[in-house]
Amino acid sequence: QDKEKLEIRKLNDPPSAEMVRDMIKYARNVIEGFRRAKHYKYILCLALTLLACELLEICELSLDKMGAVFEDSNVYMLHMMYQAMGVCLYVQDWEGALRYGQKIIRPYSKHYPSYSLNVASMWLKLGRLYMALENRTAGVKALKRAIAIMEVAHGKDHPYISEIKKELEDH
């Protein structure tokens, strides 16, 4: 699946190999910057609130730049969308987080195995976001998809699954 994970846009004038290499280098540098920030997050915790708008702007600018070359299903694009979603969740921008999550879920479902907890986790986040935004129908559907995967991965009697089922009953 490497070809799919590193897919570039189909353009009339395809990017040169050098442009693709440069974009991969750029993407790796931006991702490494986020990893370093996470490593020091205990120091940055208070500053993160102040920097959230700037971090989100960096994500969006990076997505625009990378999006000129990479498809949304490209792993570098997905990683940056996931970071942007995380910033939106942190600042409680539920609509923004939902927009990124909706863009992420289809490629995740394609790239990961059928019963991947990464996919289940994304469905769980989406379900909770839909519920928070009072879209109960979409929320229930997403949470049920998360549960279906988790039941295979963890077993039907896992406490975490019971917790999510209780969430469904309470809404």
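FYI, side chains are in, hydrogens and waters are out, and symmetry mates aren't considered; it's all heavy atoms of this structure.
- Glu32 meets the salt bridge (Lys or Arg N to Asp or Glu O under 4.0 Å) test with Arg36; sequence neighbours excluded.
- Applying the ring-ring contact (aromatic ring centres under 6.0 Å, His included) test to residues at least two apart or on different chains, the pairs with a partner in residues 142-164 are His154-His158.
- The side-chain hydrogen bond (donor to acceptor under 3.5 Å, both in side chains) test applied to Glu151 returns Lys165, not counting sequence neighbours.
- Residues passing the salt bridge (Lys or Arg N to Asp or Glu O under 4.0 Å) test with Glu57, sequence neighbours excluded: none.
- Side-chain contact check for Tyr130 and Thr137: no donor-acceptor pair (N or O, by modelled atom type) lies under 3.5 Å.
- Residues passing the side-chain contact (heavy atoms from CB on, under 4.5 Å) test with Glu60, sequence neighbours excluded: Leu56, Tyr100.
- Legend: residues meeting side-chain contact (heavy atoms from CB on, under 4.5 Å) with Lys141, ordered by chain and number and at least two apart, are absent.
- For the pair Leu143 and Met131, the minimum side-chain heavy-atom distance is below 4.5 Å.
- Val152 pairs by the side-chain contact (heavy atoms from CB on, under 4.5 Å) definition with Tyr115, not counting sequence neighbours.
- Taking 4.5 Å as the limit, some side-chain heavy atom of His111 sits within range of a side-chain heavy atom of Leu78.
- With hydrogens and angles ignored, the 3.5 Å screen pairs a side-chain donor or acceptor of Ser109 with a backbone N or O of Ile105.
- Leu126 is not connected to Leu124 by any chain of hydrophobic side-chain contacts under 4.5 Å among Ile, Leu, Val, Met, Phe, Trp and Tyr, and they are in different clusters.
- Scanning for side-chain contact (heavy atoms from CB on, under 4.5 Å) contacts around Asp72 gives Arg9, Met77, Met81, Lys103, with sequence neighbours left out.
- Shown here are the side-chain hydrogen bond (donor to acceptor under 3.5 Å, both in side chains) partners of Arg28, two or more places apart in sequence or in another chain: Tyr76.
- Legend: residues meeting side-chain hydrogen bond (donor to acceptor under 3.5 Å, both in side chains) with Lys25, ordered by chain and number and at least two apart, are absent.
- Partners of Glu167 under the salt bridge (Lys or Arg N to Asp or Glu O under 4.0 Å) rule, at least two apart in sequence or in another chain, are Arg128.
- Every residue two or more places apart in sequence or in another chain that forms a side-chain hydrogen bond (donor to acceptor under 3.5 Å, both in side chains) with Lys166 is listed here: Asp170.
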